[in-house]
Colleague: 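Have a look at this one before I ask anything.
Numbers restart at 1 for each chain; the letters A, B, ... are given by sequence-line order, proteins then strands.
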Amino acid sequence: MLTVETIAQWMNGWTKDIKANKGYLNELDSVIGDGDHGSNLARGADAIEAALLTAPDDVPSTFKAVAMAIVSKVGGASGALYGTAFLEMYKESQRTTDMVKILDKAMKAMEKRGDSKPGEKTMLDVWEPVVKAAKRGNVTPIVIDDAVESTKDMKATKGRASYVGEKSIGHLDPGAVSSGYLFHNLFEVGLVG
Amino acid sequence: MLTVETIAQWMNGWTKDIKANKGYLNELDSVIGDGDHGSNLARGADAIEAALLTAPDDVPSTFKAVAMAIVSKVGGASGALYGTAFLEMYKESQRTTDMVKILDKAMKAMEKRGDSKPGEKTMLDVWEPVVKAAKRGNVTPIVIDDAVESTKDMKATKGRASYVGEKSIGHLDPGAVSSGYLFHNLFEVGLVG
Amino acid sequence: MKEVVYLKKIMNDATQIVTEMVDGMALSYPEYVKRLDDLLVLVRSQEESMTNKVGLITGGGTGHEPASAGYIGEGMLSAVVCGQIFSSPTPDQILAAIQTADHGKGVFMIIMNYSGDIMNFDMAREMAVMDDIDVRFIVVDDDIAVEDSTYTQGRRGVAGTVLMEKILGAAADSGASLSEIEALAKQVLPNLKTIGVALSAATVPEVGKPGFTLAEDEVEYGVGIHSEPGYRREEMQPSAKLAEELLARLNDEFNFTPEDHYAVLVNGMGATPLMEQFVFMRDVLNQLADFGVQADFTKVGNFMTSLDMAGVSLTLLKLREDQWLKQLNYPVNTIAMVRK
Amino acid sequence: MKEVVYLKKIMNDATQIVTEMVDGMALSYPEYVKRLDDLLVLVRSQEESMTNKVGLITGGGTGHEPASAGYIGEGMLSAVVCGQIFSSPTPDQILAAIQTADHGKGVFMIIMNYSGDIMNFDMAREMAVMDDIDVRFIVVDDDIAVEDSTYTQGRRGVAGTVLMEKILGAAADSGASLSEIEALAKQVLPNLKTIGVALSAATVPEVGKPGFTLAEDEVEYGVGIHSEPGYRREEMQPSAKLAEELLARLNDEFNFTPEDHYAVLVNGMGATPLMEQFVFMRDVLNQLADFGVQADFTKVGNFMTSLDMAGVSLTLLKLREDQWLKQLNYPVNTIAMVRK
Ligand SMILES: Nc1ncnc2c1ncn2[C@@H]1O[C@H](COP(=O)(O)OP(=O)(O)O)[C@@H](O)[C@H]1O
Ligand SMILES: Nc1ncnc2c1ncn2[C@@H]1O[C@H](COP(=O)(O)OP(=O)(O)O)[C@@H](O)[C@H]1O
Ligand SMILES: [Mg+2]
Ligand SMILES: [Mg+2]
Ligand SMILES: [Mg+2]
Ligand SMILES: [Mg+2]
């Protein structure tokens, strides 16, 4: 159930994964981008953890606290995208507690922010199949991993990775990997399945 | 005898030595200075040879032609010093044809220009003993070589070499070496002995 | 005990370098810029000079100094948001810059075309609109090294941005409205093109090694100002050949015609001595003259650098309107650009 | 056939680089400088601005751009003689600069203390005197890294020279006589001190390898602007420690006292990004504040470079006279320094 606690649990799992894999995310980004995706998100992870220490009152303000932490600390493309996603969750959670609906709205806001669609080798290539699976109630770790893996063979046409063009093929998208962590933790907390 | 021809012979010998030893002079200068003494003088050597192609009428104008070639092409400390020497020879040769007197005046002008005295590890450490020997009529190749060698154990206190201080000890002064060439050729032409 | 070995850059702590630089700028040039408390935002000190005028802001990753904070001042920018090195600033900081730059006439944002910058400035704009501030923007994409198609992020914003800032700054200072500035920016943009050549890559302090490596005798054409890959590597060429190559690429875009008028900017990438930049500009101007093209405005120097990268970029702005030349020559008073 | 491998500098021919640079400057900035036919002398374009004023010239080896030709213009220099890289110009060229700078009120020469420069300017002065031009000079020796004694050539002239040029330029523009300028120069000189630190040496194009080599983690204090040796090598330090060391050496000279007033110049050596220079200036200004010292005039940037050397120098000018600060702030209009 969507509560302040489950969100906090979800977030703490995510931030732990980010920090444990900071170097790996930087490495992935240095192959096709500018090598800072892990550092960017690690700054955000610290900020999220700090924000959740003073536990917010309700679900929307929990999402808002996470959103503000990301928005003010991450920077770069991923800061805007994850920030947009959580700001949208904040807004949508005032109307519904259906996590699938909330995720769907967040994804649409990200697509708009990034002027981008699935298939462009971005984090959206994880969001789209996972949200689709969530609607049908069949999210599994394998679904998530497959989505992350699917970015490997794509050619980047958005973000910094688009500058390396063809050479981006054969490498995972760093944002897809960090979104993979996000959904694995969401699944473990039981908010999707 | 001091004539347009003997000066030209003297100069052609000197410029040949300079050009043959351009790299060596640069090397000497790079140890205790800025590595350009050979290049500087080689530019001057070309200019002297060009100037002497259109043979001047008399001794003073021959010295003047050499002086102007040096003054306008060499640059650096050595350009000013050799330029000053030949300008002084131009002036003095209007009064006398005594090469020893002319050299003595040139040396004094150089000392004034360089605000420097023998013992400071410069070309003056060749000029001084050679001019002294010339006054007594006993210049020999050995006198010249000894004068050049004497700069090896000196500590530089003038010019760029003074910045390396103690570390200048143990190395020949490049200006002393090029002045050695000057006097060897003067001796061979028979203008001093 | 092993002593700490410091990366050979003049800094104290790689994670604090941007903050310390921003402080350094404000301390060194209080007559031009002041820092907004706790933010990485620098604002014009001469407040009176902004009264009743459209605010002009820009920002992005740092490491391009003097861009962009060096262009804050009368006749140019109102405020600049400094991100981490080569990394977009966050929307809250951009919002603060918008708020401080707004003097009732709205704010115009000059954004360089990087996906992070666009998204963060866009978020800030949305927030500012909630504050009832009228915000418009242009996305500068002058770097012709990148193929411009729906299959890429599009062309990057590079050194030409400085000329855009100069022209819009003159317009804002002369009292142009927000819509007029927006229209001017849109008119100028398609006439502004840049292409660069790198001799070596930049080293980001937190990374500690260069973004790419070129052999001792190699150059790379079309490299971006964050060491993004270029379009070709080849053996080092004489300056005149480099100029020829870059002008050929620019000619593909402009189609030089005798009597065309251009502004020409040779920009040093950071580690390339001015001596080399002037030699290069000589070759560029001689070759432009051979095309019969007029160079009415010429500038040489480090305007939009890439930390310690070696190389130059060449920007041409086709002067379609006489007004643009006047705006380039309009009085300006900033740290890095002054004109009486 | 083996292709020619070009040294990785943007140039055409190492032996022509100075000539091509001089042409590049004149072509890029005709509103500021023009070249004297066939000579490596650049002269102020705005001739009217020199009427009835003392001419101010300087010169020396090139490779220090924007010094010195970048400082030609109203309120600063009249003409600059460009020698080969790091090598004194010849007297005939200096004489031409004197002649062109003379507008009936005489010419003042700012000479940096290198034996070649001193001798060549001295020869030119003697020639000018034969032309009945009144010529005076100052020998700038602000580099405190070198021991000043009768056993050395004495201290070198480095970045402080730019402040000397600024002050004398203001005086000349205000109509000071040749004797007044000479007196002012002599007054300023003992209050002008500089000390530098190098992270890497410069590479002279014709030589093709750096003047010295420092290990990956080494710096050298007191290096000259032609890669002359400094006074100590040690492991790279954080910016604040570098500032501490340089300020300690300057304090040995000045004996900082609370309420002292100084002009402070942080000068980049060529390859050091502005970002690092601003971080360093922050540390300098904070530490000067700890000494209780006032910094009334502050500037950061590449003013007197050494080709592609990495490092910075720190210049302090003790403002003994209020007039000097006014002269530093006096309007100036040159390529590299403009003030309204
Ligand atoms: N326009 C876009 N739409 C969707 N995702 C994007 C877009 N641009 C970048 N991304 C995502 O952002 C990730 C890079 O994030 P990060 O490295 O933190 O930012 P930056 O690219 O600014 O350095 C990419 O791996 C990709 O997943
Ligand atoms: N003040 C001086 N007095 C006499 N000779 C000097 C003086 N300064 C330099 N020299 C001579 O000049 C030589 C260096 O000449 P060169 O390398 O051509 O000029 P620069 O030092 O300007 O590079 C030295 O080896 C020394 O013999
Ligand atoms: Mg990145
Ligand atoms: Mg030398
Ligand atoms: Mg980034
Ligand atoms: Mg020399």
Colleague: If you round to the nearest 0.5 Å, how far is CE of C/M119 from OG of A/S116?
Modeller: 8.0 Å
Colleague: Do you know the tightest heavy-atom contact between A/Y163 and C/G154?
Modeller: CE2-O, 3.8 Å
Colleague: Would you mind checking which part of C/Q93 comes under 4.5 Å of any heavy atom in chain A, side chain (CB onward), backbone (N, CA, C, O), both or neither?
Modeller: neither
Colleague: Between A/S39 and chain C, which part of the residue has a heavy atom less than 4.5 Å away: side chain, backbone, both or neither?
Modeller: neither
Colleague: Distance check, rounded to the nearest 0.5 Å: C/T15 atom OG1 versus A/R43 atom CZ?
Modeller: 10.0 Å
Colleague: Rounded to the nearest 0.5 Å, how far apart are NE2 of C/H226 and CG of A/D36?
Modeller: 10.5 Å
Colleague: Check each atom of C/N113 against the heavy atoms of chain A and say whether the ones under 4.5 Å are side chain, backbone, both or neither.
Modeller: backbone
Colleague: Would you say the side-chain atoms of A/S162 pair up with the backbone N or O of C/Q153, donor to acceptor, closer than 3.5 Å?
Modeller: yes
Colleague: To the nearest 0.5 Å, how far apart are CE in C/M123 and CZ in A/R113?
Modeller: 5.0 Å
Colleague: Could you tell me which portion of A/N40 (side chain, backbone, both or neither) has an atom closer than 4.5 angstrom to a non-hydrogen atom of chain C?
Modeller: side chain
Colleague: With heavy-atom distances below 4.5 Å as the criterion, would you say the side chains of C/E206 and A/N26 are in contact?
Modeller: no
Colleague: Counting heavy-atom pairs under 4.5 Å with chain A, which one of C/G60, C/G83, C/P91 comes out on top?
Modeller: C/P91
Colleague: What's the shortest heavy-atom distance between C/S115 and A/G159, and which atoms?
Modeller: OG-CA, 3.4 Å
Colleague: According to salt bridge (Lys or Arg N to Asp or Glu O under 4.0 Å), who are the partners of A/E49, at least two apart in sequence or on a separate chain?
Modeller: A/K19
Colleague: What are the two closest heavy atoms between A/V71 and C/D92, and how far apart are they?
Modeller: O-OD1, 3.7 Å
Colleague: Find the distance between CG (C/L95) and OG (A/S72) and round it off to the nearest 0.5 Å.
Modeller: 12.0 Å
Colleague: Taking all non-hydrogen atoms of both residues, which atom of A/V164 and which atom of C/P229 are closest, and how far apart?
Modeller: CG1-CG, 3.7 Å
Colleague: Does atom CZ of C/F137 have more than 12 heavy-atom neighbours, drawn from other residues, nucleotides or ligands, at distances under 6.0 Å?
Modeller: no
Colleague: Nearest heavy-atom pair of C/N120 and A/A80: which atoms, and what distance?
Modeller: OD1-CB, 3.6 Å
Colleague: Tell me if the CD1 atom of A/I142 is crowded by more than 12 foreign heavy atoms within 6.0 Å.
Modeller: no
Colleague: Under 4.5 Å heavy-atom distance to chain C, tell me which part of A/K73 shows up: side chain, backbone, both or neither.
Modeller: backbone
